[in-house]
Structure formats: structure tokens, C-alpha cells
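Taking it in order: structure first as C-alpha cells, then the write-up.
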Amino acid sequence: MFQQISRLAPDAILGLMAKFRADSFSHKVDLGVGVFRDLTGNTPILECVRRAERNVLAAQTTKSYVSAAGREEFNTSVEELVLGATHVARREKRARTVQAPGGCGALRVGAELIRAATPSATVHVSDPTWGNHAPLLGSSGLRLERYPYYDPVTHELQFDGMLERLDQASAGDVVLVHACCHNPSGADLAPDQWRSLIELMRRRRLVPFLDLAYQGFAEDLTLDVAGVRLVTESLPEALVATSYSKNLGLYRERVGALTVVSESESQANAVLSHVLQIARSIYSMPPDHGAAIAACIFADSTLRADWITELASMRTRIKDMRLLLTERLRAATGTPSFDFIQGQHGMFSLLGVSAQVVDRLRERHHIYMTSDSRMNLAGIMPNNVDYVAECIASETRDGTL
Ligand SMILES: Cc1ncc(COP(=O)(O)O)c(C=O)c1O
């Protein structure tokens, strides 16, 4: 059997991580891997998570199965966090949420649901988008197309191009939108752009699929879901894939959820039956431990308040580094060419340089980023920012991008 298959090229990010580990230079800089880092370079376990984990372990009396939908109290809290407690779809019993193994699990289950409901649907994803979207959504057999979203050279959103392209989509097609902190560009839709997009989706009968992996990383837990709430209040149907990898730092525990809003309560029940069958057929049940921790934090007012404080400090750290890097790049290059970094959202920005410059930054200066020049701002520290800015300036000084 296995004589027929040949070895695949390594995953680009995992390959980059291996190169970074093998690099013996003492001041090497990792801007590649998409995890939060504190000022010591560590990806911390949040204090609220440590305390909730102790509570969970102390209260646990069994390791028996939970269910394909995961923990009910977790799912309810997710809906309240994402849609808001009084959302019209919740009042009308049109929303259903199931726990999933991370945002990736939620995206994959969502894709299978779309495939089951409308096998001919095309999913439109932003250009550029997170590298795992195509494999996650495409492996369900759905067709993918890209809509213009962000120009890494001008550093501007291509909103007119986006609307123009989506205006040609077929009824029943799906539009995948990053809810906030667009990965990899850090460029998000403004409120009036969300409204124009909703109008177009309504007119063309398109279904939104919102990817919410960074709630709380742009402004706060509420402002970051303003787009999600507007979409789900305005349109009859929507899917939302939520991840708690970043905002609770629960990466390896695999905590996420899929929320589906349907047009009526009976359709919502039918949708739920499919979602549960899909989950059963892929992984049967989501892992419990991380969701138990998350549910404990969401339900306990002290832990929740502590989480909000810790989340704010992660967000502030990234914003501080955006400001610092922008300032140092302005000083090192003597130009405002990189000022765009400061105002973008979340962990990532695209430096906007070619793969050759990315290679030179790695080979000559031991600064690691993905070939599209995506930088993780959480890899910037006060003690490496000057070095990073000087190296970027030296590699782009002659106007090379
Ligand atoms: C845009 C986006 N969506 C979804 C995810 C899913 O994350 P996870 O499966 O680790 O929860 C990520 C993680 O990097 C992401 O960047």
C-alpha cells in the first residue's frame, strides 16, 4: 500500500520552526510561529487558567465520555461571548453551538456542514489568508476561490475589489471573513465596510462564515465581535468558528466551537443533527480538559475578571511592540514606509517585502518570518527591536522590497 505514496514537502511553518531551532546564533529572532510571547519570550499559561485547572481537577469525578457536542455550559458561554446574551438569534432559538477541537476543528466541521447542505457551494476566502484555511476547507471537497482583500505593497485594504469580486459569486456561496485581527495582514474591516459587505451578501444570497480566532486581541472582547454581531443580526444564516487557543492561551488543549445561525428553530435543529453526525464521523467527541477550564473561567466572576485583565495585558504588549517597531523602523530607515504596522490589529502584519528579502533576513541576520513576510509582533522584544529594525532597514535601503 505505502509503496504508492511519496514523501510530501514539509509544512512551511513547521519547516521554519525546525530551521530556527537549528540556528545557533544567540540573538536569533522568531517572528514566524503564530503564538503569543511575553517579554521573556515565553508563551505563558494564564494565571486564571492555572487556577481554573486546579478547580477542574479537584471537582472531577470521572473521565467518562461527555458528548459529540461537548460541554453544554461551555457552548452556552461561547454563544454569550460571541453573539451576546440577548442576541435575536438566541431569543428566537435559531443559534446552535457545539464545542470543537480548536478553531481548526470548528472550521473543518463547518466546511463539512456546508458540503452536506450545498455540495456545489464555493467558499470565497480572502487573498491573502491564513495558510491553513485552504487545507481545512478544501479537504471537505468544497471549491475555494479568493477575493482581493489586502495589498501587501500599498498596505491597503482592497475593499472595492473585494465587493466587486463577491458581487459575481453565486447564490448559496460562502464568504469566509476574519472576524478581527486578520491573519496575516492585521487589516480589519471598518464598521461601514461590514455594513456594505452585509448588504452585498444579502443581495447576492451569500452565507457568511466568520473565523474568530483572536477575540480580545484587537480592542476588547465586545468590540472585537462587533462585525460578528452585525452579520448574525442582519442575515438569516451564518457560521462562526471560534478559537480559544490565543485569548486563553489554551493552544495545545484544542478548545474551540462552531456556532451556526439558521433561519428558523426547526432548521437550527436539523443543522445541529448534521453537525453532531459530522463530529461523530471525524473525531467522535471533542477533548474535554481545555473546554472544562474555559467553562470554569467563563462562569466564575473572579476568574473571568482576571482573564479580562490578563487578556488586556497580552493585547497591550502587542500594541506596545507595534508602536516601538514602527518608531524604530522610522528612525532606522529615515522614512515613514513602515508606519502602517502601528495601526493594524492582532499579532500579525505583513512587512510587504519579497521572499528574497525574507530569505536574506533569515540567512544573514537570523530573523525568521514566513515567506509572505508575515511578522508575529509578539516575537518583538524591547531588547531585539533595534536589531530587527536595523536589519530590515539594511535589507531594504536600496529600495528593494
Ligand atoms: C485565522 C485563524 N483561524 C483559526 C485558527 C485556529 O486555531 P486553533 O485550531 O489552534 O484553535 C488560527 C490559529 O492560528 C488562526 O490564525
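Numbering of ligands and ligand atoms starts at 1, following listing order.
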### Task
Report yes or no: do E390 and H365 form a side-chain donor-acceptor pair below 3.5 Å?
no
Below 3.5 Å only, please: the N or O atoms of ligand 1 paired with protein N or O atoms, distance on each line.
| residue | atom | partner | partner atom | Å |
| --- | --- | --- | --- | --- |
| ligand 1 | 3 (N) | D211 | OD1 | 3.2 |
| ligand 1 | 3 (N) | D211 | OD2 | 2.7 |
| ligand 1 | 9 (O) | G103 | N | 3.2 |
| ligand 1 | 9 (O) | C104 | N | 2.8 |
| ligand 1 | 9 (O) | R254 | NH2 | 2.7 |
| ligand 1 | 10 (O) | S245 | OG | 2.9 |
| ligand 1 | 10 (O) | R254 | NH1 | 3.0 |
| ligand 1 | 11 (O) | G103 | N | 2.7 |
| ligand 1 | 11 (O) | S243 | OG | 2.7 |
| ligand 1 | 11 (O) | S245 | OG | 2.6 |
| ligand 1 | 14 (O) | K246 | NZ | 2.7 |
| ligand 1 | 16 (O) | N183 | ND2 | 2.8 |
| ligand 1 | 16 (O) | Y214 | OH | 2.7 |

### Message
ring pair (Phe, Tyr, Trp, His ring centres under 6.0 Å) for Y147 and F159? Distances and angles first, verdict last.
### Response
CA-CA 10 Å; Y147 57 82; F159 190 64; 9.8 Å; no
### Lys/Arg N to Asp/Glu carboxylate O, E263 vs R94, below 4.0 Å
no
### Message
Could you tell me if T129 and H178 have a donor-acceptor pair between their side chains, going purely by distance under 3.5 Å?
### Response
yes
### CZ (R252) with more than 12 external heavy atoms under 6.0 Å
no
### Query
Y214 and H345: ring pair (Phe, Tyr, Trp, His ring centres under 6.0 Å), yes or no, with the steps?
CA-CA 10 Å; Y214 299 92; H345 296 144; over 10 Å; no
